[in-house]
2 protein chains.
Amino acid sequence: MVTTPNKEKLRIKMKNKRTRLTRQRKIILETLQQTGSHPTADWIYQKVREQLPHISLGTVYRNLNILKKEGKILELKYGKDVSRFDALTKDHYHFTCEKCHRIYDLDVALNKDLEQMVAQKTGFKITSHQAEFYGICSDCQKSDSSN
Amino acid sequence: MVTTPNKEKLRIKMKNKRTRLTRQRKIILETLQQTGSHPTADWIYQKVREQLPHISLGTVYRNLNILKKEGKILELKYGKDVSRFDALTKDHYHFTCEKCHRIYDLDVALNKDLEQMVAQKTGFKITSHQAEFYGICSDCQKSDSSN
DNA sequence: TTAGTAATGGTAACTACTCCTAATAAGGAA
DNA sequence: TTCCTTATTAGGAGTAGTTACCATTACTAA
């Protein structure tokens, strides 16, 4: 009898589909947040299995996609090969070391001017951009010079 | 009988491994250069088959990788799904339309300052960077408003 | 012409990922 | 708490894109 209008709002925000916070989804997100790195789906799968030995790989993929849609994680596709995931939600650039293949988050302000410039030049509507830098990270520079 | 010393030079440039410009490789590169777009490997395969009906898909992939290593083409991986290839050699940014999924080359000067800023902030050695912009292209904006 | 080997076609194998289905469990209502 | 609806799961089969393998072909240089 008692209607709950504020819950209704929430539901609308989530696009008519209540998502349930399952144990699996929770642990997948936590795992990703706890590693500061950018693991592959398979790495996450292996890691989560330590807590949920019976979780299936499909569940990991499904949840990564759901979390991505919800904006809680980021999928990085540009590297060389596999998709990697990133728990940080705020936009940031990435750096890939061409030697050790680690991916670093860059603490550099997004250059929103670039978007505007592109919009002006092309007439396209720009909603976002990303950038990746390539080169040699400090660690690998060190080990280079010591050889 | 006539020796051609300039060929020797070429060989050194190609890193001790003579690559042969086969009919297949030539046509693959030309096909890619002639389409101004960013086709998938499979699209290239279909197109090249019009001229070389017996070419195998493996040959297309092998040659795309070789051409990539030689710096003659670019592989774009960031989009949603499949790899796409780009015959342009000079660096440029890309725009992906989130509606029609076309990829456009942007005629915007590379922002080399960004690289320097990142290098200063991180101590990494930056050799290159790329950027992708996302949004809605002019065509799709038009068809949007007419509906 | 001949030796050496890069490249090819055809196909099998691999890998990252998605889809399918019956069973399970989250979470709202009573 | 108990019930009910249905989102989500495990597990496995299936798929698409790509690479590896190998016997054969075709350049290249001597």
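Throughout, a chain's letter reflects where its sequence line sits, starting with A, and its residues are numbered from 1.
Side-chain contact check for B/R25 versus B/T19: some heavy-atom pair is nearer than 4.5 Å. You'll find the side chain of A/K47 stays beyond 4.5 Å of the side chain of A/L32, heavy atoms only. The shortest distance between side-chain heavy atoms of B/F133 and B/L106 falls below 4.5 Å.
Under a hydrophobic clustering in which Ile, Leu, Val, Met, Phe, Trp and Tyr are joined whenever their side-chain heavy atoms come within less than 4.5 Å, directly or via other members, B/F85 and B/Y61 fall into the same cluster.
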Filtered N/O pairs between nucleotides 2-6 of chain D and protein, under 3.5 Å:
{"residue": "D/dT6", "atom": "O2", "partner": "A/R20", "partner atom": "NH1", "Å": "3.1"}
{"residue": "D/dT6", "atom": "O2", "partner": "A/R20", "partner atom": "NH2", "Å": "3.1"}

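Remark: A/Q116 CD is loosely packed, at most 12 non-hydrogen atoms of other residues, nucleotides or ligands lying under 6.0 Å away. The 12-atom threshold is exceeded at NZ of B/K68, counting heavy atoms of other residues, nucleotides or ligands nearer than 6.0 Å. Atom NZ of A/K26 has 12 or fewer neighbouring heavy atoms from other residues, nucleotides or ligands inside a 6.0 Å radius.
Following rounding to the nearest Å, A/K26 (NZ) and D/dA7 (P) show an atom-to-atom distance of 22 Å. Distance A/I27 CD1 to C/dA26 P: 12 Å, rounded to the nearest Å.
The six-membered or imidazole ring of A/F124 lies near that of B/Y104, with a centre-to-centre distance under 6.0 Å.
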- Task: At under 4.0 Å between heavy atoms, which parts of nucleotides 9-25 of chain D does protein reach? Answer with one letter per nucleotide, 5' to 3': B base, S sugar-phosphate only, - none.
- Result: BBB-----SBB------

